[in-house]
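So the structure is just underneath, and the comments pick up after that.
Just so you know, these numbers use all the heavy atoms, side chains as well, and skip hydrogens, waters and symmetry mates.
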Amino acid sequence: MPKIFVITYSTFGHINKVAESIVKGLSKGGADVKRFQIAETLSDEILTKMHAAPKPDFPVIKASDLPEADGYMFGFPTRYGTAPAQVKTFLDSTGQLWVKQALSGKPAGVFFSTASQHGGQEATVMTTLPILAHHGMIYVPFGYSHPHLHDNSEVIGGSPWGAGTVANGDGSRQPSQKELEIAEAQGEQFAKIAAKLSAKI
C-alpha cells in the first residue's frame, strides 16, 4: 500500500474541494493517504480583503516530511500560468532533498484551478515539471482516462495533465460533479501506478 501525500494550496477553497475527490480516488485505489497544506505567505489583513476562504485543519507541509511518502499529488490554483508564490516558496525549500536526490524515482501528479477555461491549466503543470525533473521525480499525467474530458457540452476543467476546475474570476463557480468525478478517477489511477512503482523500488 503506497503512502501518498496530497499537498495543496487553496485561496478560495476550490482546490481543497477537488482534493476531497482526489483523496477518495486514492483511497479507492488502495493508497494510504495523508493530507497537507502549503504555508500561507499573505497576511491575515490581505486575506480578509481578498475574501479568502478559511484555511482547512490540515498540517502544514515541511520539506523534511516529503521523504516519508511514496508519491505526491500537488493541487494549486494558477497564477498567470504558473504555480502561486506560496507553492514556489515551499518547493524552493527542498534544496537539501535535491542535493541528496531523496525524492528521485517517486511519482508526482498535479491538479489545478483557473478562473477561466483558457486561464493556463496545462501551462501551470508544464511550468512545474522542471522542479520535478531536478528532483528526479516521475511525473504521472492523467491522459484521456475519463469520458468527461471529451465532453464539450459544458465548461469542464481538467485535461490529460490532470484534474481541474474553472472557478470564474470572482471565485463564484464551484467544482462541478463532472470535474469531481475526473478528480476521483485521477486519484484512483495515480494510486495504482504508485503501487507498481513502489513495489519495484
Side-chain angles (χ1 to χ4, degrees), residues 1-10 13-38 56 58 61 66 69-78 81-84 87 91 103 105-114 117 119-129 131-133 137-167 173-199:
M1 177 182 292
K3 179 180 288 187
I4 306 299
F5 286 180
V6 177
I7 303 168
T8 57
Y9 173 76
S10 188
H14 298 79
I15 282 294
N16 287 328
K17 181 66 176 176
V18 176
E20 292 175 8
S21 292
I22 292 284
V23 169
K24 184 178 178 181
L26 286 166
S27 299
K28 186 177 178 181
D32 176 17
V33 187
K34 191 168 183 180
R35 278 286 276 117
F36 290 92
Q37 61 182 321
I38 291 172
F58 298 125
I61 190 74
L66 292 175
D70 299 308
Y72 316 90
M73 292 205 70
F74 295 98
F76 44 83
T78 189
T82 187
V87 176
L91 294 173
L103 308 181
K106 297 190 178 189
V110 184
F111 54 101
F112 33 77
S113 172
T114 57
Q117 294 181 79
Q121 293 201 351
E122 295 185 351
T124 301
V125 183
M126 293 174 70
T127 53
T128 305
L129 293 184
I131 298 167
L132 304 183
M137 299 170 76
I138 302 169
Y139 166 61
V140 180
F142 183 48
Y144 278 95
S145 299
H146 198 284
H148 290 337
L149 291 176
H150 295 282
D151 184 352
N152 294 315
S153 65
E154 60 185 281
V155 174
I156 301 174
S159 77
W161 297 81
T165 188
V166 178
R173 183 183 183 274
Q174 294 300 310
S176 70
Q177 183 60 37
K178 289 181 179 180
E179 290 170 343
L180 297 178
E181 289 173 6
I182 292 169
E184 182 177 341
Q186 184 186 7
E188 182 177 4
Q189 181 196 72
F190 186 89
K192 293 176 180 177
I193 293 172
K196 292 178 181 178
L197 291 172
S198 61

Notebook entry, point to check: At what distance, to the nearest 0.5 angstrom, does CG of Asp70 lie from NZ of Lys106?
Noted result: 6.0 Å

Note to self: Could you work out, with side chain to side chain donor-acceptor pair (under 3.5 Å) as the rule, every residue matching Lys3, not counting sequence neighbours?
What the structure shows: Glu68

Check: If you measure from CG on Leu132 to CG on Leu103, what distance do you get to the nearest 0.5 Å?
Finding: 9.5 Å

Notebook entry, point to check: Got a sec, which residues hit side chain to side chain donor-acceptor pair (under 3.5 Å) with Gln189, two or more places apart in sequence or on another chain?
Noted result: Ser145

Next item on the list: Sequence neighbours left out, what passes side chain to side chain contact (heavy atoms under 4.5 Å, CB included) with Ile138? Give chain and number order.
Entry: Leu197

Next item on the list: Tell me, with the steps shown, if Phe76 and Ile38 meet side chain to side chain contact (heavy atoms under 4.5 Å, CB included).
Entry: CA-CA 9 Å; Phe76 44 83; Ile38 291 172; 5.5 Å; no

Item checked: Partner residues of Gln37 under the side chain to side chain donor-acceptor pair (under 3.5 Å) criterion, sequence neighbours left out -> none

Check: By side chain to side chain donor-acceptor pair (under 3.5 Å), which residues pair with Arg173, not counting sequence neighbours?
Finding: Glu179

Next item on the list: Identify, with sequence neighbours excluded, every residue that meets salt bridge (Lys or Arg N to Asp or Glu O under 4.0 Å) alongside Lys34.
Entry: none

Distance-only criterion, 3.5 Å: show the donor-acceptor pairs between side-chain atoms of residues 21-30 and protein atoms not counting sequence neighbours.
from  : atom 1 : to    : atom 2 : distance (Å)
Ser27 : OG     : Val23 : O      : 3.1

Next item on the list: Using modelled atom types only, decide if a donor and an acceptor are shared between the side chain of Tyr9 and the backbone of Ile15 within a distance under 3.5 Å.
Entry: no

Check: Is the backbone of Leu66 close enough, under 3.5 Å, to the side chain of Tyr72 for a donor and an acceptor to pair up by distance?
Finding: yes

Next item on the list: Begin with the C-alpha distance, continue with both residues' side-chain angles, and end with the deciding distance and a verdict on side-chain hydrogen bond (donor to acceptor under 3.5 Å, both in side chains) for Ser159 and Gln121.
Entry: CA-CA 8 Å; Ser159 77; Gln121 293 201 351; 5.6 Å; no

Check: Taking only residues two or more places apart in sequence, or in another chain, which ones meet Asp151 in a salt bridge (Lys or Arg N to Asp or Glu O under 4.0 Å)?
Finding: Lys178

Item checked: Partner set under ring pair (Phe, Tyr, Trp, His ring centres under 6.0 Å) for Tyr144, not counting sequence neighbours -> His150

Check: Roughly how far, to the nearest 0.5 Å, is CD1 of Ile156 from NE2 of His146?
Finding: 9.5 Å

Note to self: Assess the residue pair Leu129 and Trp161 against the criterion (side chain to side chain contact (heavy atoms under 4.5 Å, CB included)); give the C-alpha distance rounded to whole Å, side-chain angles, the decisive distance to 0.1 Å, and a yes or no.
What the structure shows: CA-CA 11 Å; Leu129 293 184; Trp161 297 81; 3.7 Å; yes

Checklist line | Check: Gly158 main-chain N/O paired with Gln186 side-chain donor or acceptor under 3.5 Å | finding: no

Next item on the list: Could I get the full list of side chain to side chain contact (heavy atoms under 4.5 Å, CB included) partners for Ala19, not counting sequence neighbours?
Entry: Val6, Thr8, Arg35, Phe111

Next item on the list: Apply salt bridge (Lys or Arg N to Asp or Glu O under 4.0 Å) to Glu122 and list each qualifying residue two or more places apart in sequence or on a separate chain.
Entry: none

Next item on the list: Enter the distance from His148:NE2 to Ser153:OG here, rounded to the nearest 0.5 Å.
Entry: 9.5 Å

Notebook entry, point to check: Using the benzene-type ring in the case of Trp, are the ring centres of Phe5 and Phe36 under 6.0 Å apart?
Noted result: yes

Check: With Thr127, which residues qualify under side chain to side chain contact (heavy atoms under 4.5 Å, CB included), at least two apart?
Finding: Thr82

